[in-house]
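For reference, the structure discussed in these notes is given below.
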There are 2 protein chains.
Amino acid sequence: MSLRHALLGLLSYRPASGYDLLKAFETSLANVWPATQSQVYGELGRLTDAGLLEVSAEGPRGRKEYTITGTGRGELHTWLVSAEPTRVTRSDMLLRVFFLDRMTAEEGRAYLARQRDFAAARAEHLRALEASIEWDDSPLSTQGRIALEYGLRLSTVQTDWADWALEQLATGGAGDQPR
Amino acid sequence: MSLRHALLGLLSYRPASGYDLLKAFETSLANVWPATQSQVYGELGRLTDAGLLEVSAEGPRGRKEYTITGTGRGELHTWLVSAEPTRVTRSDMLLRVFFLDRMTAEEGRAYLARQRDFAAARAEHLRALEASIEWDDSPLSTQGRIALEYGLRLSTVQTDWADWALEQLATGGAGDQPR
DNA sequence: CAATGACGTTCCACAAGTGACATGTCAACC
DNA sequence: GGTTGACATGTCACTTGTGGAACGTCATTG
């Protein structure tokens, strides 16, 4: 349950409304931890009930401004320093690779080529994002850049790996298995 | 919903019981698409109701052997060739990076070092797995190796990236922000 | 023969995420 | 003065995944 920590993290910089937070999720956090309206508003309510947040102001249009409490900061810090080993990530992309021989050789090649193209497109997207941001040497900039670099490197691995896999299929002699 | 396709994929090779399938999930598929008992048995029931599988035999101890139907093979094939762009994967590891300045500089360094070590350990685990398998040139071997190579390359990227990030923190002058 | 362990299934409560819908306010502009 | 669009929240139904409990069978072995 990291949505709650994403919210606590954002609110540790400054108080904000659900709407403000939602925008943060759509922009900066979109590539790391996407979240929907229903999730954000619901979690804000639960966090408030649990005493990790409090409603510090009410504005026009029913706007509620949430502020992180001391307990909330404690919880955030605990989560930050507790580095559990990253859980196994499900990958339907790799699952299909596992069943590559259930497609024809041609379909298999097309599949891998498509994955390579997706990864390349993602890299492109991240580079565009990188160019569109005015980086400075604030902590947020440093951290954003580090996260973005991860995405870039990941995309590179995916394209390289897909190319390598295509070679394997060619030389490894995987044939046309009938389904 | 790829669990159902994982099951269809496994059953496309040979009929099997829920118990057999569960073992497949614990061993070969564990690193790609982990699944629990309740998920597997539940999904088998739904797949049978939907006509994608049928109970082809009943054995001792209430054992039911499931066989994939023509419809099931069709569904599997459709899924295999439909390569949707991979969804955004949530990463609590990167989420913490985003909030790196909410820790002390020392805690931040420790966090990244820990991530590097986790990735290295994972690589170690995968290399051990690689060594423990008798590879041949069957399709399953080729495909397993391709999937494993992905994991290996991913781990490498993670360790390299973590080291790079540590350098960034050192030279970028990220300081001790109070929380 | 009794204990053990592998085999095998089913059910339940809960947490987390998705997507759509419903509702309403306020500011700006034509 | 009416429309539009940003602001703003809340709720519901559904799917997926987690974890554990409960129940029973069969073969082996001490």
Side-chain angles (χ1 to χ4, degrees), chain A residues 1-8 10-11 15-27 29-50 53-66 79 84-92 95, chain B residues 1-8 10-11 15-27 29-50 53-66 79 84-92 95:
Chain A
M1 205 204 333
S2 291
L3 171 63
R4 78 182 321 155
H5 298 111
L7 290 170
L8 289 171
L10 289 172
L11 288 170
S17 70
Y19 193 82
D20 296 336
L21 293 165
L22 216 42
K23 277 191 296 182
F25 275 95
E26 276 164 14
T27 55
L29 286 188
N31 297 291
V32 164
W33 203 277
T36 61
Q37 250 191 5
S38 26
Q39 266 181 289
V40 170
Y41 284 113
E43 195 61 38
L44 284 173
R46 279 187 292 272
L47 283 165
T48 306
D49 290 347
L53 298 181
E54 52 188 29
V55 178
S56 51
E58 308 214 6
R61 281 166 284 197
R63 174 191 169 97
K64 289 187 208 159
E65 199 177 66
Y66 292 91
W79 174 77
E84 319 109 25
T86 26
R87 45 153 201 197
V88 195
T89 53
R90 287 181 174 76
S91 165
D92 54 312
L95 189 57
Chain B
M1 206 204 332
S2 293
L3 171 63
R4 78 181 322 157
H5 297 113
L7 290 169
L8 289 171
L10 289 171
L11 288 169
S17 69
Y19 193 82
D20 296 336
L21 293 164
L22 216 43
K23 276 191 298 183
F25 275 95
E26 276 163 14
T27 56
L29 285 187
N31 296 292
V32 163
W33 203 277
T36 61
Q37 253 191 6
S38 26
Q39 265 179 289
V40 170
Y41 284 113
E43 195 61 37
L44 284 173
R46 280 187 293 271
L47 282 165
T48 306
D49 291 346
L53 299 181
E54 53 188 29
V55 177
S56 52
E58 307 215 8
R61 278 166 287 195
R63 174 191 170 98
K64 289 187 208 160
E65 199 177 66
Y66 293 91
W79 175 75
E84 318 109 24
T86 25
R87 46 155 200 196
V88 195
T89 52
R90 287 181 175 75
S91 165
D92 55 313
L95 189 57

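So you know, we letter chains A, B, ... as the sequences are listed, proteins then strands, and number each from 1.
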Non-hydrogen atoms of Tyr19(B) and Tyr41(B) that approach each other most closely: N-OH, 3.4 Å
Taking every non-hydrogen atom, the tightest pair across Ala35(A) and Phe25(A): CB-CD2, 3.6 Å
Between [N] ([atom2]) and [X] ([atom1]): distance, integer Å:
X        : N       : atom1 : atom2 : result
Lys23(B) : dG8(C)  : NZ    : C1'   : 11 Å
Phe25(A) : dA8(D)  : CZ    : P     : 17 Å
Asp20(B) : dC7(C)  : CG    : C1'   : 10 Å
Arg61(A) : dA6(D)  : CZ    : P     : 12 Å
Lys64(B) : dT10(C) : NZ    : C1'   : 9 Å
Leu47(B) : dT9(C)  : CG    : C1'   : 16 Å
Tyr41(A) : dG17(C) : OH    : P     : 18 Å
Leu21(A) : dG10(D) : CG    : P     : 13 Å

Spacing of OG1 belonging to Thr48(B) relative to NZ belonging to Lys64(B), to within rounding of 0.5 Å: 7.5 Å
Rounded distance [0.5 Å steps], OG1 in Thr27(B) versus CG in Leu22(B): 10.0 Å
Distance below 4.0 Å between Arg63(B) side-chain N/O and dG8(C) OP1 or OP2: yes
With sequence neighbours excluded, residues passing salt bridge (charged side-chain N to carboxylate O under 4.0 Å, His left out) with Arg46(B): Glu43(B)
Side chain of Tyr19(B) (C-beta onward), nearest among dC7(C), dG10(D), dC26(C): dC7(C)
Partner set under ring-ring contact (aromatic ring centres under 6.0 Å, His included) for Trp79(B), not counting sequence neighbours: His5(B)
Heavy-atom protein contacts under 4.0 Å, nucleotides 15-23 of chain D, coded B base, S sugar-phosphate only, - none: -SSBBBB--
